[in-house]
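Computed from a prediction, not measured in an experiment: that's the story for all the values here. In what follows, every heavy atom counts, from backbone to side chain, and hydrogens, waters and symmetry copies are set aside.
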Amino acid sequence: MELEKRYTKEEFTRIYNANSVTDLAKKLGYSRQTIIAMAKKYGLPHKKNGGDVRKHKTIKISVKELEELYRKTRTIDLAKRFNVSVATLVKILKQHGIEMKKPGWGTRERKLVVEE
């Protein structure tokens, strides 16, 4: 690749991290696909639109803490708190052996009284 001859891995990494793929392609005079291929070859992380490196936010929590939170928090609220979907949260809970609440868990039984 001609791009490899022009830039060392360190130089390319520095400019890759400082620019979006589109901007870097324009600056260097190469296609986006060439820039992406070079980044992949050097083991650099993939970028989203806008140049941000894709990172997953890591939340460290013990299984015991997660189970306690799950028991006292609505599932949808807990999913929002961790910025995941309810389906993802349920999957994580099951992976760690946390017993699922029954639908409507924690709701009071109500009686309907109709007066005449």
State, yes or no, whether a side-chain contact exists between [X] and [Y] at a heavy-atom distance under 4.5 Å.
X	Y	value
Glu99	Arg71	yes
Val90	Lys94	yes
Met38	Tyr7	no
Leu69	Arg81	yes

* To do: Determine yes or no for a side-chain-to-main-chain donor-acceptor pair under 3.5 angstrom, with Tyr16 supplying the side chain and Pro45 the backbone.
  => yes
* Asked: Between the main-chain N or O of Val84 and the side-chain N or O of Thr88, is there a donor-acceptor pair closer than 3.5 Å?
  -> no
* Would you please name every residue forming a side chain to side chain contact (heavy atoms under 4.5 Å, CB included) with Asp77, sequence neighbours left out? => Thr73, Arg74
* Asked: Does Lys80 have any side chain to side chain contact (heavy atoms under 4.5 Å, CB included) partners at least two apart in sequence or in another chain, and if so, which?
  -> Ile76
* Contacts of type ring pair (Phe, Tyr, Trp, His ring centres under 6.0 Å), residue Tyr42, not counting sequence neighbours -> Phe12
* Taking every non-hydrogen atom, the tightest pair across Asn19 and Ile15 -> ND2-O, 2.7 Å
* Asked: For Arg6 and Leu28, which heavy atoms make the closest approach, and how far apart are they?
  -> NH1-O, 3.6 Å
* To the nearest 0.5 angstrom, please state how far the NZ atom of Lys91 sits from the OG atom of Ser85. => 9.5 Å
* To do: State the CG-CG distance between Leu44 and Asn17, to the nearest 0.5 angstrom.
  => 6.5 Å
Name the atoms and distances for all side-chain donor-acceptor pairs under 3.5 Å in residues 60-68, with sequence neighbours left out.
from	atom 1	to	atom 2	distance (Å)
Ser62	OG	Glu65	N	3.0
Ser62	OG	Glu65	OE1	3.2
Glu65	OE1	Ser62	N	3.0

* Could you list the residues that satisfy salt bridge (Lys or Arg N to Asp or Glu O under 4.0 Å) with Arg14, not counting sequence neighbours? => none
* **For Thr75, all residues meeting side-chain hydrogen bond (donor to acceptor under 3.5 Å, both in side chains), sequence neighbours excluded** => none
